[in-house]
Structure formats: C-alpha cells, structure tokens
Participant: 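Before I ask anything, let me first share the structure, which is written out below as structure tokens.
We use all heavy atoms of the structure for the numbers below, so side chains are in, but hydrogens, waters and symmetry mates are not. FYI, the numbering just counts along the sequence from 1.
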Amino acid sequence: MTENPAARFAEIRALLAALPGADADADADAVHAKPPRSWPGGDPLVRWLAAWQGRARPRLDRPRLLLFAARHGIGAEPADAIAARLAALVDGAAPAHTRAAALDVDMRAFDMAIAIPTRDARAGPATTEAECVRDVAYGMMAVEPGLDLLVLATFAAGEAHVVPALAAALGHPPAP
C-alpha cells in the first residue's frame with residue numbers, strides 16, 4: 001500500500017489547527033502574579049508561559065530545547081562544517097550547550113541528514129511533501145508529554161528563510 005504524502009501533510013496541518021490557543025485569562029492574571037526571580041526574561045516570558053500553560057503562575061520545571069541540524073539548498077555551508085557544529089553541541093563544547101546547562105534546560109540535537117542538502121527553495125519547492133512529512137514526523141518523536149516549555153530551533157546557513165517558509169506551508173505564517 002502506497003502512502004499518500006498529501007494526506008499525511010493534511011494530517012499535520014490538522015494537528016496544528018487542533019492545538020489549543022493561548023489562555024487570555026491566565027495571561028491577564030499573570031500580570032498580578034509575582035514570578036520567581038530566577039526566571040530569565042522577566043514579565044513578558046511569564047505572561048507568555050501563563051497564557052500557553054493556562055495558569056497565572058506558570059511552571060518551568062521541564063524545559064527542552066530541540067536543535068535540528070540540516071543542510072538547506074539555499075545556504076552554502078558545507079556538510080562538514082555543520083557536522084562539526086553538531087558534534088560540538090553533542091560533546092558539550094558549544095556555547096549553546098553551556099548556556100542550556102546553566103539554565104537547567106534539557107537540550108537535544110538532531111542530524112536531519114546534513115549530508116544531503118534540500119533543493120534551493122528560491123528556485124522551487126525545497127522538499128517534496130513526502131520528505132517534509134517524514135522530517136516533521138521525525139521531529140514530533142522528540143516531543144514528550146509533561147514538558148513545560150518546548151523550543152524548536154534549527155542551525156545552518158539559510159535557516160532564516162527555511163523556518164518561515166515551513167511555518168507558512170503548514171498554515172502558520174510568522175507574525176510581521
């Protein structure tokens with residue numbers, strides 16, 4: 001049986017559309033709640049967390065940073081340079097690793113086939129729907145229940161173009 005990538009892509013869009021929205025009442029209540037002094041970012045971060053966690057005094061017990069390393073056709077960074085940066089993250093030698101450890105953030109890095117660049121998105125689709133579905137499904141496996149905050153990030157040349165393009169393709173264009 002051949003899987004229909006367009007149907008799988010539609011399923012991902014439906015999952016995103018079904019996510020709950022921010023809780024406006026918790027956001028408003030967070031204005032009056034005193035956040036723990038140790039939180040970086042201050043009041044805007046507390047209000048944002050409150051709105052998405054649905055409580056005036058949000059928790060930040062299990063934050064996780066997921067970094068996805070890829071080689072985009074729009075960038076010219078060689079695979080070995082990206083692989084070296086990924087190895088530094090995994091080995092704990094990268095500044096991001098030190099910062100995450102200092103903040104008690106669980107950081108994980110993933111190789112998204114850096115040896116195989118995507119096509120150049122300026123000339124047409126960078127991936128097929130099937131490739132995109134595969135990559136999104138792979139990333140979804142890294143998300144576990146019980147996280148208080150999940151930060152998704154990429155690192156590679158061209159990422160400034162890739163992330164907004166993917167968000168728009170999934171029906172969530174970035175704010176202006």
Participant: Search all heavy atoms of R55 against all heavy atoms of A26 and return the closest pair with its distance.
Facilitator: N-CB, 3.5 Å
Participant: First locate atom CG of L89, then atom CE of M107, and finally report the distance between them rounded to the nearest 0.5 Å.
Facilitator: 4.5 Å
Participant: What heavy-atom pair brings T127 and C132 nearest, and what distance separates the two atoms?
Facilitator: OG1-CB, 3.7 Å
Participant: For A70 versus I82, what's the shortest heavy-atom pair and its separation?
Facilitator: O-CD1, 3.5 Å
Participant: Applying side chain to side chain contact (heavy atoms under 4.5 Å, CB included), name anything that partners L15, two or more places apart in sequence or on another chain.
Facilitator: M140
Participant: Could I get the full list of side chain to side chain contact (heavy atoms under 4.5 Å, CB included) partners for D106, not counting sequence neighbours?
Facilitator: R64, R108
Participant: To the nearest 0.5 Å, what is the distance between CE on M112 and CZ on R134?
Facilitator: 7.0 Å
Participant: Looking at CG of D135 and CD of E131, how far apart are the two atoms once the value is rounded to the nearest 0.5 Å?
Facilitator: 7.5 Å
Participant: Looking only at non-hydrogen atoms, find the nearest pair between T128 and R119 and report the distance.
Facilitator: N-NH2, 3.3 Å
Participant: R62: which residues meet the salt bridge (charged side-chain N to carboxylate O under 4.0 Å, His left out) condition with it, sequence neighbours left out?
Facilitator: E144
Participant: Rounded at 0.5 Å granularity, tell me how far CG in D104 sits from CG in L60.
Facilitator: 9.0 Å
Participant: Any idea how Y138 and F110 line up, ring-wise: parallel (<30°), tilted (30 to 60°), or perpendicular (>60°)?
Facilitator: perpendicular
Participant: Identify the two heavy atoms, one from A56 and one from A50, that lie closest to each other, and give their separation to 0.1 Å.
Facilitator: O-CB, 4.0 Å
Participant: Quick check for you: to the nearest 0.5 Å, what is the distance between L86 atom CG and D91 atom CG?
Facilitator: 9.5 Å
Participant: Give me the atom names and distance for the closest heavy-atom approach of A126 to T118.
Facilitator: O-CB, 3.5 Å
Participant: Out of curiosity, does M141 fall in the hydrophobic cluster containing L147 (side-chain heavy atoms, cut-off under 4.5 Å, transitive links)?
Facilitator: yes
Participant: With a 4.5 Å heavy-atom cut-off, do H97 and L65 have their side chains touching?
Facilitator: no
